[in-house]
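Written out below as structure tokens is the structure these notes cover.
Every chain is numbered from 1 and lettered A, B, ... according to where its sequence line falls, protein lines coming before strand lines.
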2 protein chains.
Amino acid sequence: MHAQVVPLSVPALREACSQCNLRELCLPVGLSENELDQLDQLVHLRKKIHRGQHLYRGGDAFEAIYAIKTGFFKTDVLLEDGREQVTGFQMAGEILGMDGIGSEKHTCNAVALEDSEVCVIPFTELEEYSREISALQHHFHKVMSREIVRDHGVMMLLGIMRAEERLAAFLLNLSQRFTARGYSPTEFNLRMTRNEIGSYLGLKLETVSRAFSRFQEEGLITVHQKHIQIRDAAGLKKLLSDRRV
Amino acid sequence: MHAQVVPLSVPALREACSQCNLRELCLPVGLSENELDQLDQLVHLRKKIHRGQHLYRGGDAFEAIYAIKTGFFKTDVLLEDGREQVTGFQMAGEILGMDGIGSEKHTCNAVALEDSEVCVIPFTELEEYSREISALQHHFHKVMSREIVRDHGVMMLLGIMRAEERLAAFLLNLSQRFTARGYSPTEFNLRMTRNEIGSYLGLKLETVSRAFSRFQEEGLITVHQKHIQIRDAAGLKKLLSDRRV
DNA sequence: GATCCACGTTGACACAGATCAAAGCCCCCA
DNA sequence: TGGGGGCTTTGATCTGTGTCAACGTGGATC
């Protein structure tokens with residue numbers, strides 16, 4: 001029952017939400033045909049972001065949220081002294097920019113880790129449509145809520161897990177999200193550096209690298225640079241539950 | 001311009017939002033007189049939670065969000081092995097329960113740390129009213145967004161700060177929130193134990209205790225059990241910016 | 001006002017992960 | 001085809017925080 005990434009049979013120049021192959025993952029979830037047509041009017045602008053470019057920066061005026069059409073992003077917060085906390089990695093179908101609603105300014109940076117394309121969803125208009133389409137309203141609330149729950153998960157990673165647990169949880173999470181997009185659960189390419197993984201997991205890049213090597217020695221995964229193959233998902237999961245008392 | 005906690009001049013048995021002394025901090029922010037009257041109809045149930053009791057638990061069906069009228073809460077997530085991650089401490093005027101929207105179940109526990117009272121806001125009705133009252137809709141979005149931004153702040157605490165930085169940030173945050181409620185910025189009682197602070201900050205209780213003692217030695221604060229007096233807020237702030245390169 | 005008990009403090013020591021350092025690898029580009 | 005730079009790996013050592021243990025303290029209860 002998960003969404004498959006299938007090529008559109010008709011070349012859709014105006015690739016609206018109603019035609020989008022991500023509609024089961026993204027904002028259109030649960031909308032009727034009719035409502036989808038309305039959503040098409042809301043999402044009329046698409047934007048290409050090249051690898052390394054910012055979609056927005058902390059301090060930028062907040063005007064829209066963004067649905068990732070293709071590509072891969074990271075969000076991070078920088079401290080004055082240059083230290084970086086990566087707050088998340090986002091892939092196709094996920095929504096970026098909700099951090100800006102509260103203060104009318106973005107509070108973090110969103111950087112493309114590969115050439116990407118996003119759908120621009122002007123926020124004032126989203127609120128207008130939400131008042132008309134209760135399914136859209138409710139789904140948007142769910143998306144925000146899930147972001148809060150995801151953040152709690154990251155707090156658990158950072159607060160109570162040990163280095164190898166964190167990395168195992170990270171790999172399993174990526175695997176699960178790739179699966180939901182119709183990609184292999186066991187084989188994928190990391191889009192981020194060891195340093196970025198470390199920043200996300202509250203570890204130094206050397207620790208991340210060592211944990212990868214350790215997992216490989218133990219036959220849990222195979223790593224070649226950014227290419228990861230999960231050989232023993234159950235073993236990784238066991239790392240998470242088998243924490244010492 | 002911050003809200004003062006002033007006693008109501010008229011004893012209001014039916015303490016509606018329109019009369020609430022927290023209306024400048026809570027959900028009613030930015031509503032007109034008229035809209036406030038409507039909100040009064042939405043928020044018709046109040047609930048007392050005694051110290052130590054749960055407002056909700058992870059797994060409970062999600063039906064409502066809660067505005068804290070009086071008191072103090074913690075939210076936490078428990079791992080199978082019994083380890084606890086405190087995800088936040090909430091005080092009067094703050095909203096609890098938004099974690100449950102996404103999955104229709106609560107994903108964390110909310111426990112009263114002192115005798116407390118909350119206003120019950122049935123979520124389906126909140127969405128209905130939001131479709132009518134755009135100021136309410138927008139404000140609710142802001143509240144959720146700020147929760148996300150707050151979570152990012154906790155990630156920074158946990159991901160890149162050292163023990164004393166974390167505790168300094170924690171104290172300054174509490175101080176600022178007490179100030180916004182008309183209490184002293186420099187003197188307050190902690191509602192939570194060292195263990196709970198530690199769980200929130202990703203530290204062990206001994207480390208929290210030692211950091212408190214260290215701050216006291218350095219003249220930054222005075223601690224007697226749960227009573228805290230901030231003697232040098234600037235010094236605490238300096239701890240945050242003066243991180244080593 | 002004696003007893004109890006949960007919570008807090010402090011010390012000694014251990015260890016996971018950070019830091020420092022040196023190579024190695026891979027991809028990009030001339 | 002070769003050089004360079006960014007990223008990764010690995011080793012040696014250091015250190016902040018955890019762990020373990022003992023003791024202190026204050027508020028509740030009878």
- [ ] Using the six-membered ring wherever Trp is involved, compare the ring planes of B/His106 and B/Tyr56 and label them parallel, tilted or perpendicular (cut-offs 30° and 60°).
- [x] parallel

TODO: Round to a whole Å and report the spacing from CZ of B/Arg214 to C1' of D/dT17.
DONE: 13 Å

Open item on the list: If you assign each of A/Lys204 and A/Gln225 to its closest nucleotide in DNA chain C, which residue comes earlier from the 5' end?
Closed with: A/Lys204

- [ ] For A/Gly202, answer base if it contacts any base atom (sugar-phosphate contacts may also be present), sugar-phosphate if it contacts only those atoms, and nothing otherwise; contact means non-hydrogen atoms under 4.0 Å.
- [x] sugar-phosphate

Task: Side chain of B/Ser213 - closest among D/dT8, C/dG17, C/dT9 - done: C/dT9

Open item on the list: Regarding A/Thr193, tell me which of base, sugar-phosphate or nothing describes its non-hydrogen contacts under 4.0 Å with the strands shown.
Closed with: sugar-phosphate

Open item on the list: In whole Å, I'd like the distance from the CD atom of A/Glu206 to the P atom of D/dG6.
Closed with: 17 Å

Task: Base of C/dG11 paired with side chain of B/Arg210 (donor-acceptor, under 3.5 Å) - done: yes

Open item on the list: Whether B/Thr207 contacts D/dT17 is assessed here as follows: a side-chain N or O lying under 4.0 Å from the phosphate OP1 or OP2. Is that the case?
Closed with: no

TODO: Give a yes/no on whether any side-chain N or O of A/Lys226 is located under 4.0 angstrom from OP1 or OP2 of D/dT8.
DONE: yes

Open item on the list: Can you measure A/Asn189 atom CG to C/dC26 atom P for me and round it to whole angstrom units?
Closed with: 14 Å

Open item on the list: Quick check on the 6.0 Å ring-centre criterion: do B/Phe188 and B/Tyr183 meet it?
Closed with: no

TODO: Would you state whether a donor and an acceptor, one from the side chain of A/Glu196 and one from the base of D/dC7, lie under 3.5 Å apart?
DONE: no

Task: Salt-bridge contact A/Arg150-A/Glu147 (side-chain N to carboxylate O under 4.0 Å) - done: yes

TODO: In whole angstrom, give the distance that lies between atom CG of B/Leu205 and atom C1' of C/dT10.
DONE: 12 Å

Task: B/Asn195 CG - D/dT19 C1' separation (whole Å) - done: 14 Å

Task: Pair B/Phe73 + B/Phe89: ring centers closer than 6.0 Å - done: no

- [ ] Check the distance between C/dG17's P and A/Arg166's CZ and give it to me in whole angstrom.
- [x] 7 Å

TODO: Figure out the CD/P separation between A/Glu165 and C/dA16, and round it to whole Å.
DONE: 12 Å

- [ ] For B/Leu203, answer base if it contacts any base atom (sugar-phosphate contacts may also be present), sugar-phosphate if it contacts only those atoms, and nothing otherwise; contact means non-hydrogen atoms under 4.0 Å.
- [x] sugar-phosphate

Open item on the list: Do the side chains of A/Glu94 and A/Arg181 get close enough for a salt bridge, i.e. N-O under 4.0 angstrom?
Closed with: yes

TODO: Could you state the atom-to-atom distance from CG of A/Leu167 to C1' of C/dG17 in whole Å?
DONE: 14 Å

